[in-house]
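See structure below.
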Protein chains: 4
Amino acid sequence: MAESVDLNADVGEYDGRAGSTTDAALIPHVTSVNIACGFHAGDDLSMRDTVRLAVRHGVAVGAHPAFRDREHFGRRELNVPRAELEALVMAQVSALAAMAADEGTAVTHVKPHGALYHMAARDAASADAVAAAVRAVNPALVLVGLAGSELIAAGTRAGLRTASEVFADRAYRADGSLVPRGEPGAVIHDPAEVAARAVDLVTRRDLRAETICVHGDTPGAAMLAAGIRRALEEAGIRVRALTR
Amino acid sequence: MAESVDLNADVGEYDGRAGSTTDAALIPHVTSVNIACGFHAGDDLSMRDTVRLAVRHGVAVGAHPAFRDREHFGRRELNVPRAELEALVMAQVSALAAMAADEGTAVTHVKPHGALYHMAARDAASADAVAAAVRAVNPALVLVGLAGSELIAAGTRAGLRTASEVFADRAYRADGSLVPRGEPGAVIHDPAEVAARAVDLVTRRDLRAETICVHGDTPGAAMLAAGIRRALEEAGIRVRALTR
Amino acid sequence: MAESVDLNADVGEYDGRAGSTTDAALIPHVTSVNIACGFHAGDDLSMRDTVRLAVRHGVAVGAHPAFRDREHFGRRELNVPRAELEALVMAQVSALAAMAADEGTAVTHVKPHGALYHMAARDAASADAVAAAVRAVNPALVLVGLAGSELIAAGTRAGLRTASEVFADRAYRADGSLVPRGEPGAVIHDPAEVAARAVDLVTRRDLRAETICVHGDTPGAAMLAAGIRRALEEAGIRVRALTR
Amino acid sequence: MAESVDLNADVGEYDGRAGSTTDAALIPHVTSVNIACGFHAGDDLSMRDTVRLAVRHGVAVGAHPAFRDREHFGRRELNVPRAELEALVMAQVSALAAMAADEGTAVTHVKPHGALYHMAARDAASADAVAAAVRAVNPALVLVGLAGSELIAAGTRAGLRTASEVFADRAYRADGSLVPRGEPGAVIHDPAEVAARAVDLVTRRDLRAETICVHGDTPGAAMLAAGIRRALEEAGIRVRALTR
């Protein structure tokens, strides 16, 4: 059976510093990007510039909505009412969608960022709020979440197409759950091993791996992405965006 | 000839304080509202709640985009590059549009707020950026600006329908320009006089008056709006939203 | 026995709108002000301007620190680590202290705002963090908190002088606790009754009332403050700042 | 004649991402740090944590105040009134001073960040506002600015001790001014050449070099700082903090 997988990266997360350079190096090696929408990082201009960069390299454009928390880069869980959770996801996804449309492309997927990603992975009510917001903006959007998480289940409940995400630089247990950070061997640093694991994750039968995340904020991110992509292709796995 | 005019108010400009109460009293008396989009005031939730309030009272829903400046309520002119000006207007209008759609309605118009309104009234390049952004989100949107301003001219250049705004509580010169604040008699405080002026503004031939602004942050705003409306109707002027 | 009490108001809570006008009307009628420090409202300039206004009217200058949350006017409880809670109180109090010193006066007291006030009233750990922060900036500062609250207890534990606050427009139970908002009669609206209650609160034996809060964001706040003050003075209660 | 120079770095500029790791590597190699005060980056907690890190390594603690502009990392010039410019510098410096005092140390110097640094280098009125603010917080603070700039002149006018800063990774003209970025050879990338230039800058007679800036946000910043320090010491130049 011919396997295929998407390679995604979080981009547009800069604030006037050199982030755009990193993105420009990384984007050619992935098939999808998740663009920060100004709530945890980036701003209106970076959203637009990053859409253009994605278009230039032919990668799929996704929204990367987060809690309104620049101070902590969206990494702190905030206790917001469900109606507000929905509203903040809608605001971010629709703003990016408008910019994408103006650049002649369309947003294809949504992947929550940081604390919102983790909260929606664990908590069904939050997951339903995120899924409802995505559906409200456009029911054709693909919802990206942690493989096996509540967010994937919520997306399915909401009638959305979902994509299960895995991390090639993280160790997994036999049951398909992540080894928690802090435990020995939880994070894999060797680029060759990360690439080998990417192949392994896609071919495992106990874990659904539709998209692999490449962390863009590590110095060698572009090299790492290139290595993962090469390893996947050499293993006969087609690397392509979710909606292609 | 049967005249008609729109009565608009800026709403959703609260931050956890009692703004929503004021809005609830004022909205029944106007025909259009301009909803703050979280950049100068309001947040994702107030946007949604205010859309609902507008729907309940059958008034037209508009976006009220502003500079990203909560500290100064969007009242300070910021020197942002044109590409960013376009992007920030697009982000705000499209976010509100998504919420309106989810509530079963649609945004009908856009009126810039505060410093953005004044800058776009005076400066053709800024005005063109605002008009381009509005057009990019939806070319059917009506662009509201100061009567006789660069923003109205820019809207026309961009092929947008425009609506010229007048202020019933401000004195105008013979040439149709506003008497600057600070000059004697520039601001009219007497509700009866404000109502009479509203009628006068609509029937004047030297000034285009398609929508009248009611300032919502004054204590008796709801009473004032009701008074203006009554005076207009008694003068045989139909009070209705721009797109109806 | 000669009784005395302080009359305090929260001020400097504006964002480019007409707040300063309200403050100018209210400040002459109170003996202490709590100045917003830019985290929930106000900014660097309003802090300074409000210190000047307080100096001009001879009222005591206090800091009104809050969570970093302009979107919700500091009215939402945020789950911040204790070290950060301390740090954010220190940052706000010390910034105001510097401005006060530059205007030839000194900060005399600290009263937390909104959600921080309520959290510190209820939760001993939060209360200890606030008290530690105040003490770190200046151990001579008076800590203002809800009468009978954990914050008052924490201030005492930290060796700070404290001031117990009561609300003249709120009903109290026989045990000295507030009737919760939402219950019938919880909030008193009649100015004459509020003034009478202020006298009653100071003379009750079951409740410690060292400072009475006048809510400044209601339209008739200045009148209300004047009425309370007159009633207190007519009852032989001296109205003066905490440290005088 | 025995020369000496300070080696400074901008630190605490993180937002929930891995900045603290970089700081921990860099700080042991410098003699002074300029700590972000939450306006362009960092927050209340990072300020405190970075003060502790500085204390642990025995380096001088400085404040790094900036415009209130997280979206652009304080790199955009904002047109703020002079009174506000003073107030925002005072707020930042005094907040850091309180945290330093609580950690048993003291702020020794102030170096403006980004757009504020450049504006104060060029514009005498802005420079005077910054100097006045620093003086208001503590007249014993050293004001750090670009060598030969208006800020150094303003510091002298205000009676402050000043420290002239040079950049070892930038080319200078014969007259002591920086070769503008964009011109060939303006930025020096080779670590050995940067180290050699540091020595040259300190020993030149046409340029006052009291402190050398090490840019901390480049990947090899710690190595670079170590190299500069070694080169200086080998050339017989003592590397020490400004106030030691």
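Residue numbering restarts at 1 for every chain, and letters A, B, ... go by the order of the sequence lines.
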Under a 4.5 Å heavy-atom criterion, the part of residues 45-60 of chain B in contact with chain A comprises L45(B), R48(B)
Checking A101(A) against chain B: side chain, backbone, both or neither under 4.5 Å from a heavy atom?
-> neither
Please list, in residue-number order, every residue in residues 110-125 of chain B that has a heavy atom less than 4.5 Å from any heavy atom of chain A; write 'none' if there are none.
-> none
Within 6.0 angstrom of R238(A) CZ, more than 12 heavy atoms from elsewhere | no
Tell me, yes or no, whether the heavy-atom count around R76(B) atom CZ, taken from other residues, nucleotides or ligands under 6.0 Å, exceeds 12.
-> yes
Residues D43(A) and R68(B) bridged, charged N to O under 4.0 Å | no
Within residues 82-95 of chain B, the residues sitting under 4.5 Å from chain A by heavy atom, in sequence order, are A83(B), E84(B), E86(B), A87(B), L88(B), M90(B), A91(B), S94(B), A95(B)
Against chain A, residues from residues 146-155 of chain B with at least one heavy atom under 4.5 Å, in numeric order, are none
